[in-house]
There are 2 protein chains.
Amino acid sequence: MDATTEALQDDAGTFPHLDRDTSNCSIARTLEVVGEKWTILILREVWYGSSRFSEFERVLGCPRNLLAARLKMLVEEGILATETYKEPGSRSRPKYVITPKGVDLVPAVMGLLQWGDRYRADPEGPAMLSRHRGCGAHVDARIRCDQGHAVQPEDIESIPGPAFRLRPAE
Amino acid sequence: MDATTEALQDDAGTFPHLDRDTSNCSIARTLEVVGEKWTILILREVWYGSSRFSEFERVLGCPRNLLAARLKMLVEEGILATETYKEPGSRSRPKYVITPKGVDLVPAVMGLLQWGDRYRADPEGPAMLSRHRGCGAHVDARIRCDQGHAVQPEDIESIPGPAFRLRPAE
DNA sequence: TAGCTGAGTATGGAAAAGTAAACTCAGAGA
DNA sequence: TCTCTGAGTTTACTTTTCCATACTCAGCTA
């Protein structure tokens, strides 16, 4: 953050959001990876238990070339990893498993899930429920601060971080 | 959930995920609304303080026709609402503000943000930081159950809900 | 060695998105 | 009345993405 930015920041408690460089936004960068059609739905299926090409194809009904492209990208990004499995009487074939980097997408996907549950579910309720293994209670994504407080969206303050930059003048 | 489904569920503690009807999935339904290009980025800008057509255009650099289409859709979906503002010497013009339904997308967007912060940030760190107004601590999206426990992704159990259906046979 | 199967690749057309610029429209001010 | 401005709409073109289907490939079995 340069001096001008800092001055504006200190002055009004605000920041020049209209003139910032949005190219290093973490939301946009995440969407570059998981924002294409089918990608998040593939992760959903991994989560629900699928691991083989034919399983994804069957449950998603998505075109094979796109499925192959998305799986390849997810592996390249380290969100999925390939292992091999061997069905008796068949040769070894690849399967796809989630990595820790992929597991870290769970809060985002849970957020999408719970919004859909709230606003777009069928009259009888959601198609799937998520519960805490063991205690059995319903789970959802919530916002917390490092002090442990539950945080309401309106109490989140967004401030320029270390990589904040102004957009280069045109 | 029909009898067959219930039987499979009770039997193995699992469910026929490959044969389920995915058309009422809450994740997919949320993506139908916010999964198009620019939509989440528009919400991000609303969150950071933009409200006018020209402001979105300036900071996002997105095509005017797409911007108009996305704003219209977000208003129709009740995620944004229009109000009017009046600059002295000018006529009243519309501006866009977030609704409670839009605020409910914050956990999902926070999830995307924190994944990008972790895996795709610049070397010096994120472009923006989120902190709890008041206590000042960093905030992020986490998974909790209704009993108040912090839940690890691997302790989430996904089970068929009231609208679970098997895919119609072909 | 011919056929079968799961996991892809190749291809061609349709739909959506991106780009750029012209055009419209309502009201405030000169 | 003429002009200016913000907020769009429209048009025309290029590029990208999506979709459906056909085809290939490797190794296992008959």
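Note on naming: letters A, B, ... go to the chains in the order of the sequence lines (proteins, then strands), and numbering restarts at 1 for each one. Note that the structure is a prediction, hence the values are computed from the model and not measured.
- For C/dA7, neither phosphate oxygen OP1 nor OP2 lies less than 4.0 angstrom from any side-chain nitrogen or oxygen of A/Tyr96.
- Counting to the nearest Å, the P atom of D/dC28 and the CD atom of A/Glu87 are 13 Å from each other.
- Close to D/dC18, at under 4.0 Å from its OP1 or OP2, lies a side-chain N or O of A/Arg70.
- Residues satisfying the salt bridge (Lys or Arg N to Asp or Glu O under 4.0 Å) test with A/Asp21, not counting sequence neighbours, are A/Arg165.
- Inter-residue side-chain proximity for A/Leu60 and A/Trp38 is flagged as met; some heavy-atom pair is nearer than 4.5 Å.
- Residues passing the side chain to side chain contact (heavy atoms under 4.5 Å, CB included) test with B/Arg142, sequence neighbours excluded: A/Arg144, A/Asp146, B/Asp140.
- Following rounding to the nearest Å, B/Tyr85 (OH) and D/dT5 (P) show an atom-to-atom distance of 13 Å.
- Residue pairs that meet the ring pair (Phe, Tyr, Trp, His ring centres under 6.0 Å) test with at least one member in residues 39-76 of chain B, sequence neighbours left out, do not exist here.
- Every residue meeting the side chain to side chain contact (heavy atoms under 4.5 Å, CB included) condition with B/Ala28, not counting sequence neighbours, appears here in chain and number order: A/Leu41, A/Arg44, B/Cys25.
- When the C1' atom of C/dA16 is taken as reference, atom CG of B/Leu66 falls 9 Å away, rounded to whole Å.
- The salt bridge (Lys or Arg N to Asp or Glu O under 4.0 Å) contacts involving residues 96-106 of chain B comprise A/Arg118-B/Asp104, where partners must be two or more places apart or lie in separate chains.
- Of all the residues in residues 26-63 of chain A, A/Arg52, A/Phe53, A/Ser54 reach under 4.0 Å from DNA chain C with at least one non-hydrogen atom.
- Sorted by first then second residue, the side-chain hydrogen bond (donor to acceptor under 3.5 Å, both in side chains) pairs that include residues 61-75 of chain B, not counting sequence neighbours, are B/Glu57-B/Arg64.
- Take B/Thr30 and apply the side chain to side chain contact (heavy atoms under 4.5 Å, CB included) test, not counting sequence neighbours, and it matches A/Leu112, A/Trp115, B/Val34, B/Leu105.
- Within the 3.5 Å criterion, the main-chain N or O of B/Gly78 finds a donor-acceptor partner in the side chain of B/Thr99.
- Taking atom CG of B/Leu71 as the reference point, atom C1' of D/dA7 lies 11 Å away to the nearest angstrom.
- Residue pairs that meet the ring pair (Phe, Tyr, Trp, His ring centres under 6.0 Å) test with at least one member in residues 135-156 of chain B, sequence neighbours left out, are A/His132-B/His149.
- Residue A/Met73 contributes atom CE, which lies 11 Å from atom P of D/dT17 at whole-angstrom precision.
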Return the polar atom pairs (N/O with N/O) between nucleotides 10-15 of chain D and the protein under 3.5 Å, or none.
none

Side-chain donor-acceptor pairs of residues 79-97 of chain A under 3.5 Å, sequence neighbours excluded:
from	atom 1	to	atom 2	distance (Å)
A/Lys86	NZ	A/Ser90	O	2.5
A/Glu87	OE1	A/Arg52	NH1	3.2
A/Glu87	OE1	A/Arg52	NH2	3.1

Taking N or O atoms only and anything under 3.5 Å, show me the protein contacts with nucleotides 27-30 of chain C, one pair per line.
from	atom 1	to	atom 2	distance (Å)
C/dA28	O3'	B/Gly89	O	3.1

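- If you take CG of A/Leu67 and C1' of C/dG6, they are 12 Å apart, rounded to a whole angstrom.
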